[in-house]
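Here the structure is laid out as structure tokens; the discussion comes afterwards.
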Amino acid sequence: MPDELADIPVFHCTSGSENPITWGEVSVFILAALSVFPSTSTYRYPCGSFTGNWHLDKFYSITLHYIPGYIADFITRLLGGKPIIVRLFRKFDQAANVLQAFTTKTWHFQHTNRLFLINELMSKEDKRLFDCDIKSIAWREFCLDYVAGVRKFLLKEPMSTLEGARKNLRIVFYRNLSI
């Protein structure tokens with residue numbers, strides 16, 4: 001590291017030791033949030049689990065994603081549409097592979113600089129304006145806000161379509177039960 005960078009303080013804002021959350025909890029919270037803020041284009045009922053077993057993960061991927069995806073794309077093609085499901089699953093898998101190093105390992109970061117900043121340097125007004133206290137994060141509410149934000153800002157689905165999306169989600173749920 002160049003000498004001029006050696007004295008630059010690093011402020012880690014991580015939750016691990018102060019407000020930990022597991023991938024199992026993330027899964028439960030996100031799946032619950034998806035039923036509150038479903039997408040209008042849901043074609044399969046949201047479900048998921050995390051496993052540390054590579055073989056089981058590949059089995060789930062093939063049986064729960066790719067086989068139904070190929071069937072859906074085949075039917076879409078028969079009806080004259082453009083098949084997109086398998087392509088979406090491939091993109092999802094590529095993104096998951098990129099993140100794998102961060103999602104399958106435990107990372108420990110020192111956060112003494114951030115604690116010093118909060119406890120010694122920040123005024124009450126600073127703390128109110130720039131809340132960086134990890135302990136204040138309520139993960140269930142965080143996941144609800146996250147899914148609502150993805151729906152609104154990434155998928156560009158207005159909240160006015162929420163009731164229709166919930167109705168579609170119920171239809172998808174009962175359709176999946178019948179299969």
Side-chain angles (χ1 to χ4, degrees), residues 13-17 19-109 134 137-179:
C13 194
T14 59
S15 66
S17 62
N19 190 3
I21 184 169
T22 66
W23 280 111
E25 290 170 316
V26 169
S27 175
V28 168
F29 296 158
I30 293 291
L31 290 175
L34 286 170
S35 65
V36 175
F37 297 107
S39 170
T40 56
S41 59
T42 299
Y43 103 101
R44 295 217 30 223
Y45 195 78
C47 64
S49 64
F50 293 96
T51 176
N53 184 318
W54 183 86
H55 298 289
L56 189 57
D57 183 59
K58 290 302 165 201
F59 173 77
Y60 286 155
S61 180
I62 291 167
T63 59
L64 299 177
H65 290 166
Y66 284 99
I67 291 173
Y70 278 112
I71 292 169
D73 281 352
F74 177 73
I75 292 170
T76 301
R77 191 169 295 179
L78 286 177
L79 297 173
K82 183 178 178 186
I84 62 166
I85 302 298
V86 171
R87 189 180 71 209
L88 289 175
F89 283 138
R90 284 192 182 125
K91 286 184 178 185
F92 176 81
D93 283 346
Q94 287 173 341
N97 287 339
V98 168
L99 296 173
Q100 187 175 24
F102 302 101
T103 59
T104 59
K105 293 177 175 46
T106 301
W107 298 82
H108 299 282
F109 294 95
I134 298 298
I137 297 173
W139 290 116
R140 186 180 308 272
E141 289 76 23
F142 177 90
C143 290
L144 271 169
D145 291 343
Y146 176 83
V147 170
V150 166
R151 183 184 196 281
K152 182 176 181 180
F153 298 108
L154 291 180
L155 300 178
K156 306 286 190 218
E157 295 181 2
M159 290 300 174
S160 61
T161 63
L162 202 49
E163 278 310 309
R166 287 178 181 152
K167 181 179 177 184
N168 179 55
L169 186 65
R170 284 190 297 275
I171 291 168
V172 167
F173 175 76
Y174 289 113
R175 185 194 67 209
N176 285 4
L177 279 179
S178 67
I179 295 177

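Predicted model, so just to flag it, every value in this text is computed and none were measured. If you read the sequence from its start, that first residue is 1, and numbering goes on from there.
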Least distance between heavy atoms, Asn176 atom then Tyr45 atom: ND2-N, 3.1 Å
Considering all heavy atoms, the nearest Leu34-Pro46 contact: CD1-CB, 3.8 Å
Which atom of Glu25 lies closest to which atom of Pro20, heavy atoms considered: OE1-O, 4.3 Å
Reported CZ-to-NZ distance for the pair Phe37 and Lys152, which is rounded to 0.5 angstrom: 10.5 Å
Contacts of type ring pair (Phe, Tyr, Trp, His ring centres under 6.0 Å), residue Tyr60, not counting sequence neighbours: none
Identify all side-chain donor-acceptor contacts of residues 160-169 below 3.5 Å with residues at least two apart in sequence or on another chain.
unit_1: Thr161; atom_1: OG1; unit_2: Arg151; atom_2: NH2; d: 3.0
unit_1: Thr161; atom_1: OG1; unit_2: Pro158; atom_2: O; d: 2.7
unit_1: Glu163; atom_1: OE2; unit_2: Arg166; atom_2: NH1; d: 3.0
unit_1: Arg166; atom_1: NE; unit_2: Val36; atom_2: O; d: 3.0
unit_1: Arg166; atom_1: NH2; unit_2: Val36; atom_2: O; d: 2.7
unit_1: Asn168; atom_1: ND2; unit_2: Thr42; atom_2: O; d: 3.1

Side chain Lys156, main chain Phe153, donor-acceptor under 3.5 Å: yes
Any Ile30 side-chain heavy atom under 4.5 Å of Tyr146 side chain: yes
Contacts of type salt bridge (charged side-chain N to carboxylate O under 4.0 Å, His left out), residue Arg170, not counting sequence neighbours: none
Side-chain heavy atoms of Ile134 within contact of Thr14, under 4.5 Å: no
Considering all heavy atoms, the nearest Met159-Ala148 contact: CE-O, 3.8 Å
Interatomic distance, Cys13 atom SG to Ile137 atom CD1 [nearest 0.5 angstrom]: 7.0 Å
Partner set under ring pair (Phe, Tyr, Trp, His ring centres under 6.0 Å) for Phe29, not counting sequence neighbours: none
Phe92: ring pair (Phe, Tyr, Trp, His ring centres under 6.0 Å) partners, not counting sequence neighbours: none
List, one per line, each side-chain donor-acceptor pair under 3.5 Å for residues 62-84, sequence neighbours excluded.
unit_1: Thr63; atom_1: OG1; unit_2: Phe59; atom_2: O; d: 2.8
unit_1: Tyr66; atom_1: OH; unit_2: Phe89; atom_2: O; d: 3.4
unit_1: Tyr66; atom_1: OH; unit_2: Asp93; atom_2: OD2; d: 2.5
unit_1: Tyr70; atom_1: OH; unit_2: Arg90; atom_2: NH2; d: 2.9
unit_1: Asp73; atom_1: OD1; unit_2: Ile84; atom_2: N; d: 3.1
unit_1: Asp73; atom_1: OD1; unit_2: Ile85; atom_2: N; d: 2.9
unit_1: Asp73; atom_1: OD2; unit_2: Ile85; atom_2: N; d: 3.4
unit_1: Asp73; atom_1: OD2; unit_2: Val86; atom_2: N; d: 3.0
unit_1: Thr76; atom_1: OG1; unit_2: Ala72; atom_2: O; d: 2.8

